Each structure stands twice: as structure tokens, then as C-alpha cells.
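See below for the structure under consideration.
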2 protein chains.
Amino acid sequence: MDTISIRKDACEPELLEVPRPEPEPGQALVRTLRVGVDGTDREVIEGGHGGFPEGEEFLVLGHEAVGVVEDPNDTDFEAGDVVVPTVRRPPDDGENGYFARGEADMAPPEGTVERGIDGAHGFMSEYFVSEERFLVEIPEELAARGFLIEPISITEKALELADASRSTFEWDPDTALVLGNGSLGLLTVAMLAREMDVYCLGRRDRPDPTIEFIEARGGTYIDSRETPVEEVPEAYERVDLVYEATGYAKHAITSLYALAPNGVAALLGIPDPWEFEIDGGRFHREFVMENKAMVGSVNSGPRHFRTAADTLADLPEAALADLVTRVVDYREFGDAFEAADDIIKTAVQFSER
Amino acid sequence: MDTISIRKDACEPELLEVPRPEPEPGQALVRTLRVGVDGTDREVIEGGHGGFPEGEEFLVLGHEAVGVVEDPNDTDFEAGDVVVPTVRRPPDDGENGYFARGEADMAPPEGTVERGIDGAHGFMSEYFVSEERFLVEIPEELAARGFLIEPISITEKALELADASRSTFEWDPDTALVLGNGSLGLLTVAMLAREMDVYCLGRRDRPDPTIEFIEARGGTYIDSRETPVEEVPEAYERVDLVYEATGYAKHAITSLYALAPNGVAALLGIPDPWEFEIDGGRFHREFVMENKAMVGSVNSGPRHFRTAADTLADLPEAALADLVTRVVDYREFGDAFEAADDIIKTAVQFSER
């Protein structure tokens with residue numbers, strides 16, 4: 001069967017033929033419908049993040065997938081069920097407590113591999129197999145956009161952690177600042193805009209589809225070249241929630257300054273080392289005197305995938321139509337992995353339902 | 001009646017006579033038993049923190065008090081009830097939602113005054129008045145050490161916030177690192193040592209009563225001059241919980257590096273501005289990849305005072321005896337506010353039950 005893979009030492013992904021996998025006991029065989037592309041795929045291709053499966057000379061790409069069960073094998077699925085796979089799997093040296101508890105997203109980096117990212121093949125193939133417990137069934141009417149469930153689940157987890165950190169007192173957030181206007185940031189804008197006033201920070205010139213996306217959701221675009229995060233309170237207002245999806249390391253500090261008292265910043269970016277100077281006294285003092293919180297969040301678990309399916313069903317059609325700017329056939333994936341100013345979200349199609 | 005107060009422009013507190021207060025409707029008159037001294041009092045005396053009540057030329061010191069109701073006035077208390085006052089009161093320009101909800105500890109700095117610290121007289125006086133809702137009744141057998149309930153409540157709140165931030169997954173902390181061997185740090189060591197392995201960081205030479213205190217609780221003393229926080233994982237182990245009570249601004253960054261995956265750091269210190277260089281990329285990346293959290297915590301609410309009374313009753317007698325190194329009569333308070341190597345916790349006595 002065909003896959004879209006990156007070989008060791010290659011700079012570009014390619015179509016690579018591999019044997020169609022056979023499901024082992026406890027696994028189902030899934031025919032792939034669509035797989036989303038995001039910034040992590042670009043980092044994996046460029047070698048900045050993730051790694052190859054042990055002993056393999058290539059990595060099948062893709063971690064945002066939706067498919068239909070082709071062969072339930074001995075699982076509780078039925079042929080034709082629409083499913084979304086979670087990303088993390090136990091490492092080669094075996095299961096651990098995080099997986100046993102259904103909390104693989106809380107495993108430390110050495111306690112997991114990630115399909116399509118780090119140490120395990122992804123879903124950009126005509127078929128894939130997966131253990132039953134890592135497949136989340138979704139309503140079939142969500143199949144066409146089911147590849148958005150994984151990124152939505154990433155935000156569900158981050159927001160769940162943020163909410164939990166504020167659960168000891170009455171916290172009713174009504175303003176949010178999303179840092180980053182990549183596809184994850186914009187998806188989060190659409191999610192938060194259902195119940196909050198949302199600002200979204202980027203560094204694009206108008207006209208730009210991401211700015212149009214933000215404004216169509218009722219949000220406010222902030223150009224970080226004019227208004228860096230720490231100046232948002234003066235130029236706009238202090239916010240209850242910051243959602244960071246830039247990987248720009250200064251945001252792990254300056255997010256705090258954009259928060260209103262009792263606010264929380266959720267950090268999701270994964271930057272490289274970078275030394276710079278901060279006013280650590282201000283950072284520390286404001287953290288304490290204003291009862292602020294910061295949570296780091298990586299990956300997501302089956303619970304977040306299920307909530308994400310509900311969220312996907314609830315998001316306005318216009319937002320989803322604006323977000324997914326193209327769907328390409330896998331045989332002609334071409335520049336599907338390249339970022340461009342007119343592209344928000346690309347999905348690669350492997351088959352039709 | 002006598003008070004221990006600091007006058008504007010004075011460097012030292014003094015005995016100052018003021019009229020005995022008359023309780024207004026909704027207020028009880030309390031006869032003060034004992035008031036604890038802590039680092040905040042020293043900062044207030046030195047002018048580094050807090051401020052005088054509006055229009056006043058002096059501030060009555062003290063925020064860690066225990067007393068007996070002398071005149072219940074029209075409240076539900078009875079004469080002789082043992083009570084501990086909370087610290088925050090509505091600002092002069094009136095009530096706000098935080099007070100209405102019983103969450104004064106979550107009010108922003110401009111939404112509150114703090115008795116004995118910032119903008120309102122404290123409890124180092126023979127009598128004080130307080131609204132009923134800011135008095136927490138405690139069992140009379142806790143009266144002699146009731147002045148410890150306020151500092152214990154500070155830790156109760158911080159630990160509640162820390163726990164809440166980890167409540168979305170199974171988190172069973174068994175190692176903690178307390179930064180700071182002042183009286184609040186040591187009280188927290190005694191609290192945490194009931195259920196965790198505890199490390200406590202300081203910079204004292206042996207022999208030293210704080211080191212003896214830590215070791216008597218089964219804890220491990222870490223000398224920060226030999227092992228700074230970021231080297232704790234290599235020299236000892238990574239911990240599930242960091243409790244910062246130093247006000248040393250670098251700890252707001254390096255606490256993260258002492259944490260095991262999924263750990264949380266509670267920050268309580270209140271430093272002055274201080275610029276220094278950090279590896280922000282590492283800070284950000286570790287925050288995210290290891291699902292870590294940080295919570296800032298200031299003050300505490302009535303709920304935390306009630307839990308603190310239970311905690312005080314539960315703490316080992318030896319720990320409390322080791323902690324309170326002296327009780328001085330208020331008329332001879334002398335150097336009660338000065339830190340010294342042989343002093344852990346001082347209480348000033350105003351009357352006997």
C-alpha cells in the first residue's frame with residue numbers, strides 16, 4: 001500500500017510503498033480517509049522534533065487522522081465504524097502505568113512513542129492498524145472533518161488543565177488571548193469565541209486569511225510587531241486566559257503579564273534552547289500577588305478526543321469551511337506540507353467513505 | 001490600650017497607646033492572646049512591603065493572631081470563644097465580589113487591605129474588633145498555638161491550588177521540596193512530612209536549629225550554596241511538588257527544573273524587581289513536554305483557616321514545640337521582630353486565657 005513517509009537524511013516526504021499491515025489480536029484494521037497536516041509535521045520533516053521508529057529507515061508521517069474500520073478483527077468495532085486514532089503508544093520496552101490508566105498524554109517523554117511524530121509510524125497510509133483502546137469512534141457525519149478531532153483534543157486537554165487550576169474559586173473567564181495564528185491557534189479561536197471575547201496574536205500583514213478568520217469569529221487580531229504580548233493590557237485589556245501556540249520562548253514569561261488577576265496561561269509550544277534576560281522579580285511577584293497560574297500541556301487522551309468530537313459537531317460550519325483551505329489527494333500531495341500565506345489547514349485524502 | 005506599632009518614618013516598632021476600640025454592629029470585640037511574628041512583619045517594618053492605613057501616622061503590627069471573644073456584641077459568638085481573625089478586609093471604598101463570595105484571598109491587590117500589613121491596623125494590641133465573618137472559631141485547646149493557624153492557612157491555600165492544578169489525572173505526590181527554612185517553610189515541612197518525603201533548601205551552617213527541625217521531621221536539608229535548586233534532581237531526585245517560600249526570584253524559574261514530570265510548583269515569595277538571564281527555551285519546553293504547572297498563591301480565606309485548625313490539631317507536638325522557640329510578653333517585646341540563627345518562630349503574648 002502507499003504511504004507518505006520521510007526517509008532518514010531526506011529533506012522532503014515521498015510516496016513510499018510498504019506492505020499492508022495485518023491486525024494482531026486486539027487490533028483493528030482501519031482504512032484511512034483523511035489526515036490533517038500541521039506545524040509538527042513540518043518540524044518532523046525538518047528533523048527539529050521527533051524521531052524514526054527503532055530500526056527503521058523511514059517514518060510514515062501524519063498524526064491527525066480519521067478512518068473507517070475495514071476489519072474489526074476481534075475488537076468490538078464493526079466494519080464501517082468511523083474512528084479517530086489517538087497518537088501515543090507504549091514504548092517498545094512495554095506498557096506503563098500511564099497507559100494502563102488511559103492517561104498516556106501524561107506519560108513523560110521517555111514513557112511513550114508518538115505515531116507519525118516520534119518513534120512510531122503515523123497514519124498517512126492507505127491503511128493502518130491500531131489497538132482498539134487507541135481508537136475513538138465518532139459519529140459518521142463527522143467523518144469528512146474528523147481529522148480535526150486530534151488538534152481540537154489538544155486544546156481540550158490544555159483548557160481542562162487550565163480550568164482545573166482555577167477550580168478552587170469562582171472563575172468565570174470572559175476574555176482570552178490566543179498566541180499564534182497557525183491552524184491550532186485558529187481552531188482554538190473558533191472554540192473559545194463561542195463563549196469569550198477572543199484576541200489572537202500573529203505577525204501577518206493584511207489582507208490575510210488568518211486575520212479574516214479571526215475577525216469572522218468576532219475576534220480581534222493583534223499584530224505582535226506593533227503590540228507585543230506584554231503590551232496587550234495597555235493597548236487592549238488584561239485577559240483571563242492565555243493560550244500559547246507559538247513555541248516562542250519569551251511567551252512563557254510574557255504570557256503572565258497579559259493575564260488579569262487569577263488568570264491562567266496554557267503553554268503548548270515546544271521551543272529550542274534560547275537564552276535571554278527577564279525581570280524575574282516582576283515575574284515572580286506578579287505570579288504570587290495576583291494568584292496566577294501556568295500549565296504546560298502536551299498531547300491528549302481518549303477523553304479529550306471524545307470531548308473534541310462533541311466540540312467539532314458544535315463548531316459553526318463557516319468556521320470549519322474557512323479553516324480547511326484545501327484537501328489534496330495523497331497521490332498528489334505535492335506542497336501539502338509547506339506553509340503558505342493563503343493556506344490555513346490542509347488535509348490529505350487517502351480514500352472516500 | 002497598648003499596641004505594638006510602627007510609626008511613619010520610624011525604623012523600629014514601639015509600644016503605642018491608643019483608645020480601646022468599640023465594636024460596631026456586626027463586629028465582636030476580641031481580647032488578644034498571642035500574635036505570631038514572621039518575615040512579612042520584618043518587611044513591613046523595613047518599608048519593603050505593605051503600607052499605613054489611610055490618614056494614619058502609624059500601623060498596628062501583626063497578622064497572625066489568636067484571641068478570645070470579650071464582647072460578642074450582636075454576633076453569634078459567645079464571650080470566651082477562641083477565635084482567629086483572617087487578614088484581608090474590604091478596601092475603604094467598599095465591598096467587592098471577592099468579599100461577598102468569601103474569597104477575599106483571590107481579590108487583586110487593589111481590591112483589599114490587609115490587617116497588620118497593608119492599609120489596616122493589625123492585631124498586636126490588647127484588644128481588636130472584627131466583623132463576625134472574618135473571625136474563625138477554633139477549639140479552645142488550640143488557643144495557645146492558635147497564632148500558627150494563619151501561616152498554616154497560607155500553606156493550605158497554596159497546596160489546594162497546587163492539588164487542583166493536578167486534579168485532571170492521577171497524581172499521587174510522594175516527594176516535595178520546600179524552598180526556604182524560615183518559619184513558614186519549616187511549618188510546611190512539618191505539614192508535608194506527614195505524608196511525603198520532604199527536602200528543605202536553606203543556606204545555613206550546622207549546627208542550626210532549622211536544620212535540626214528538618215531532620216527531626218525525617219526531612220533532608222539541602223544547602224543551596226552547595227546544591228542550587230536546578231541541581232537537586234542530579235544530587236537527590238526530581239520531586240512532585242515544590243513549595244517556594246524564599247522570595248528569591250530565580251526560584252520562580254528554577255523550581256520547574258526540580259520537578260518530576262506532571263509536578264507543580266507553588267510560588268509564595270514576593271520579590272523586588274531583578275533582571276537576570278534564563279534559558280527561556282528550556283523553561284518553556286520542559287513546562288510543555290512534561291505537563292508541569294506553576295501556581296502563585298497569596299493570602300488565604302476562611303475555608304483555609306478552618307482546614308488549618310484541623311492541621312494544627314494533627315501536627316506532632318514535638319514539631320510545634322521545636323517551631324515556637326519563644327513567647328515574649330508584649331511589654332517586653334524587645335528584639336521579637338529580629339531574625340536570629342537561634343530563633344525559628346516568636347509569638348508575642350498579650351494576655352492569658
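From a predicted model like this one, the values you see are computed outputs, not experimental measurements.
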Anything under 3.5 Å between a donor and an acceptor, one on a side chain of residues 175-187 of chain B, the other on a protein residue two or more places apart or in another chain? List them.
unit_1: B:Thr175; atom_1: OG1; unit_2: B:Asp240; atom_2: N; d: 3.1
unit_1: B:Thr175; atom_1: OG1; unit_2: B:Asp240; atom_2: OD2; d: 3.3
unit_1: B:Asn181; atom_1: ND2; unit_2: B:Thr210; atom_2: OG1; d: 3.0

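More than 12 heavy-atom neighbours from other residues, nucleotides or ligands sit within 6.0 angstrom of CZ on A:Arg42. Heavy-atom contacts from other residues, nucleotides or ligands closer than 6.0 Å to CD of A:Glu110 number more than 12. Open room surrounds CD on B:Glu234; 12 or fewer heavy atoms of other groups in view lie less than 6.0 Å from it.
For the options B:Ile278, B:Asn299, B:Val295, B:Asn262, heavy-atom pairs under 4.5 Å to chain A are most numerous at B:Ile278. Taking B:Asn291, B:Ile253, B:Asp105 one by one and counting their heavy-atom pairs under 4.5 Å with chain A, the maximum is reached by B:Asn291. Here B:Gly296 is the residue among B:Ala164, B:Gly296, B:Ser297 with the most heavy-atom pairs under 4.5 Å with chain A. Ranked by heavy-atom pairs under 4.5 Å with chain A, the first of B:Arg303, B:Met289, B:Arg282 is B:Met289. With chain A as the partner, the residue from B:Gly247, B:Gly280, B:Ala293 showing the most heavy-atom pairs under 4.5 Å is B:Gly280. When each of A:Glu170, A:Glu286, A:Lys157, A:Arg166 is scored by its heavy-atom pairs under 4.5 Å with chain B, the top score falls to A:Glu170.
At a threshold of 4.5 Å between non-hydrogen side-chain atoms, the residues A:Glu290 and B:Pro108 do not count as touching. By the 4.5 Å heavy-atom criterion applied to side chains, A:Thr168 and B:Met106 are not counted as neighbours.
Once rounded to the nearest 0.5 Å, the distance linking CH2 of B:Trp171 with CD of A:Glu103 reads 13.5 Å.
A search for ring-ring contact (aromatic ring centres under 6.0 Å, His included) contacts involving B:His251 returns B:Tyr248, not counting sequence neighbours.
Here the closest non-hydrogen pair linking B:Ala249 and A:His284 is CA-ND1, 3.3 Å. The nearest pair of heavy atoms linking B:Ser165 to A:Leu161 is O-CD2, 4.0 Å.
Residue contact with chain B, scored on non-hydrogen atoms closer than 4.5 Å, involves the backbone and the side chain of A:Glu160 alike. Looking at B:His49, the atoms closer than 4.5 Å to chain A (heavy atoms on both sides) all sit in the side chain, from C-beta outward. For A:Lys292, the part sitting under 4.5 Å from any heavy atom of chain B is the backbone (N, CA, C, O) and nothing else. Within the 4.5 angstrom heavy-atom criterion, only side-chain atoms of B:Phe283, from C-beta onward, approach chain A.
Contacts between residues 87-99 of chain B and chain A, counted as heavy-atom pairs separated by less than 4.5 Å, involve B:Tyr98. Contacts between residues 266-277 of chain B and chain A, defined by a heavy-atom separation under 4.5 Å, are made by B:Leu267, B:Leu268, B:Gly269, B:Ile270, B:Pro271, B:Asp272, B:Pro273, B:Trp274, B:Glu275, B:Phe276, B:Glu277.
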